[in-house]
Amino acid sequence: SRHGLALTLECTVFGWGAKQLTNLPADVNAPKILPFLNNLGVTGISCSNTHSAAWHSAHVDVYTWGMPGPWLGFEDKNQQKVFGRVDFHPSVQGLFFLSFHYYLSITIVFFLTEDKNLGVSKVECGTQYTLILLTDGLICTSGVNEHGRMGIGQDIPETAKPMFLENMPAMADMSAGPFHAALLSRQGEVFTFGVGADYRLGHGNEETQWIPKQVEILKDDPIVRIECVEDRTFAITKLGLL
């Protein structure tokens, strides 16, 4: 990926490799502190061959940097910004969520409820796209939706504004490969989407999947961990079987 990251117990982030990806003044071949992340309380990091992300698990704070593009999650029409905080919808960034209550299928009542415990569980940087898992189990994504790897359907080719994946159960984990991704629900269910070549999605065919689809063959084996790499997907069961 032409660069790497490391995170210390003191929340200091080190980077090395190509300057376009580390956001350092020059290419470096040894770990160097990324000063723009100082004092942000970073608790997690992720990187790919187009960009990187750092986040604070106790808040909805995600910072991205690298090659400019919609995968960084900025409202930047000219796509020139190379570092900043992901621009979530105000209902998320302001730590509020919107509940919809239907009465007799006609009346809709809106409630704004403060959620001080909402944070970021994990961020996965894929090639030109990003997946973000919140502590409530919701997943949002930004970037280039090539071959359905973002799981948001065929009608949206790209988005810089993070979009939530719809009609999904609460998620516990996720993994992003270059052209496909996998989600793991809190019940141990596995969903995959993106390029289906080489049978990487686990659905028994090579079809492209534009929205998350549950892997049927794993229904009877609750999964505890998933990993997407290039043209393969790995899943580990509670018994440690791969």
Side-chain angles (χ1 to χ4, degrees), residues 1-5 7 11 13-15 17-25 33-98 118-136 138-153 155-166 174-179 181 194:
S1 65
R2 297 195 298 132
H3 81 301
L5 298 176
L7 174 64
C11 301
V13 180
F14 289 80
K19 63 180 181 181
Q20 187 178 18
L21 295 172
T22 62
N23 206 28
L24 290 170
I33 292 177
L34 303 186
F36 51 89
L37 295 174
N38 287 347
N39 303 315
L40 294 180
V42 172
T43 58
I45 54 175
S46 177
C47 63
S48 70
N49 59 357
T50 53
H51 65 298
S52 299
W55 66 93
H56 191 306
S57 59
H59 308 288
V60 188
D61 291 332
V62 177
Y63 301 89
T64 56
W65 65 97
M67 297 180 183
W71 44 87
L72 296 182
F74 306 145
E75 290 190 352
D76 177 24
K77 293 182 179 180
N78 297 321
Q79 295 189 359
Q80 298 297 314
K81 192 175 178 180
V82 295
F83 169 73
R85 186 184 184 193
V86 172
D87 295 321
F88 290 98
H89 187 278
S91 63
V92 175
Q93 202 108 51
L95 302 184
F96 288 85
F97 65 88
L98 193 61
L118 187 62
V120 177
S121 291
K122 188 177 184 181
V123 178
E124 280 280 291
C125 294
T127 301
Q128 295 187 329
Y129 76 109
T130 305
L131 296 175
I132 300 173
L133 173 60
L134 301 180
T135 53
D136 60 2
L138 293 177
I139 289 180
C140 56
T141 180
S142 64
V144 178
N145 189 31
E146 188 172 359
H147 301 296
R149 60 188 171 189
M150 290 172 59
I152 54 176
D155 297 331
I156 303 173
E158 66 176 59
T159 176
K161 193 76 170 179
M163 295 183 58
F164 283 98
L165 301 189
E166 299 179 348
M174 60 185 182
S175 181
F179 291 101

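In what follows, residues are counted from 1 in the order of the sequence shown.
- A distance of 5.0 Å separates CG of Asp87 from CD of Glu75, quoted to the nearest 0.5 Å.
- Of all heavy-atom pairs spanning Ile152 and Met163, the tightest one is CD1-SD, 4.1 Å.
- Ring-centre distance between Phe36 and Trp65: below the 6.0 Å cut-off.
- Val123 and Ser46 make their closest contact through O-CB, 3.3 Å (heavy atoms, listed as atom of the first residue, atom of the second, distance).
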Step by step, work out the side-chain contact (heavy atoms from CB on, under 4.5 Å) result for Leu134 and Ser121.
-> CA-CA 5 Å; Leu134 301 180; Ser121 291; over 6 Å; no
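- Counting only heavy atoms from C-beta outward, the side chains of Ile139 and Phe164 never approach each other to under 4.5 Å.
- Contact check for Pro162 versus Thr141: no side-chain heavy atoms found under the 4.5 Å cut-off.
- Considering only residues two or more places apart in sequence or on other chains, Phe14 meets the ring-ring contact (aromatic ring centres under 6.0 Å, His included) condition with none of them.
- A distance of 11.0 Å separates CG in Asn38 from SG in Cys11, rounded to the nearest 0.5 Å.
- Looking at Ile132 and Ser142, their side chains never come closer than 4.5 Å, going by heavy atoms from C-beta outward.
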Where do Met67 and Leu21 land on the side-chain contact (heavy atoms from CB on, under 4.5 Å) test, with the steps shown first?
-> CA-CA 6 Å; Met67 297 180 183; Leu21 295 172; 4.0 Å; yes
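- Listed for the Thr130 side chain is a donor-acceptor partner under 3.5 Å among the backbone atoms of Trp71.
- Distance check: Phe83 CZ to Leu34 CG gives 9.5 Å after rounding to the nearest 0.5 Å.
- Nearest heavy atoms, Thr64 versus Leu72: OG1-O, 2.6 Å.
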Test log, rule side-chain contact (heavy atoms from CB on, under 4.5 Å), inputs Val60 and Phe88 | CA-CA 9 Å; Val60 188; Phe88 290 98; 3.8 Å; yes
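- Here the shortest heavy-atom pairing between Ser57 and Thr43 reads N-OG1, 2.9 Å.
- Legend: salt bridge (Lys or Arg N to Asp or Glu O under 4.0 Å) pairs involving residues 123-132, not counting sequence neighbours, sorted by first then second residue: Lys122-Glu124.
- His56 has its side chain out of reach of Val42: every pair of non-hydrogen atoms, C-beta onward, lies at least 4.5 Å apart.
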Working for side-chain contact (heavy atoms from CB on, under 4.5 Å), residues Leu40 and Val13 | CA-CA 10 Å; Leu40 294 180; Val13 180; over 6 Å; no
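- Every residue was checked against the side chain to side chain donor-acceptor pair (under 3.5 Å) condition with Thr135, not counting sequence neighbours, and none meets it.
- Counting heavy atoms from C-beta outward, Asp61 and Val120 have side chains that stay 4.5 Å or more apart.
- In this structure, Val82 and Pro68 have side chains that are in contact, with non-hydrogen atoms separated by less than 4.5 Å.
- Of all heavy-atom pairs spanning Pro70 and Glu158, the tightest one is CG-OE2, 3.8 Å.
- Contact check for Arg149 versus Gln128: side-chain heavy atoms found under the 4.5 Å cut-off.
- You'll find the side chain of Leu165 stays beyond 4.5 Å of the side chain of Met150, heavy atoms only.
- For the atom pair CD1 (Ile156) and CG (Asn145), the distance works out to 7.5 Å, reported to the nearest 0.5 Å.
- Between Ser52 and Cys125 the shortest heavy-atom distance is C-SG, 3.7 Å.
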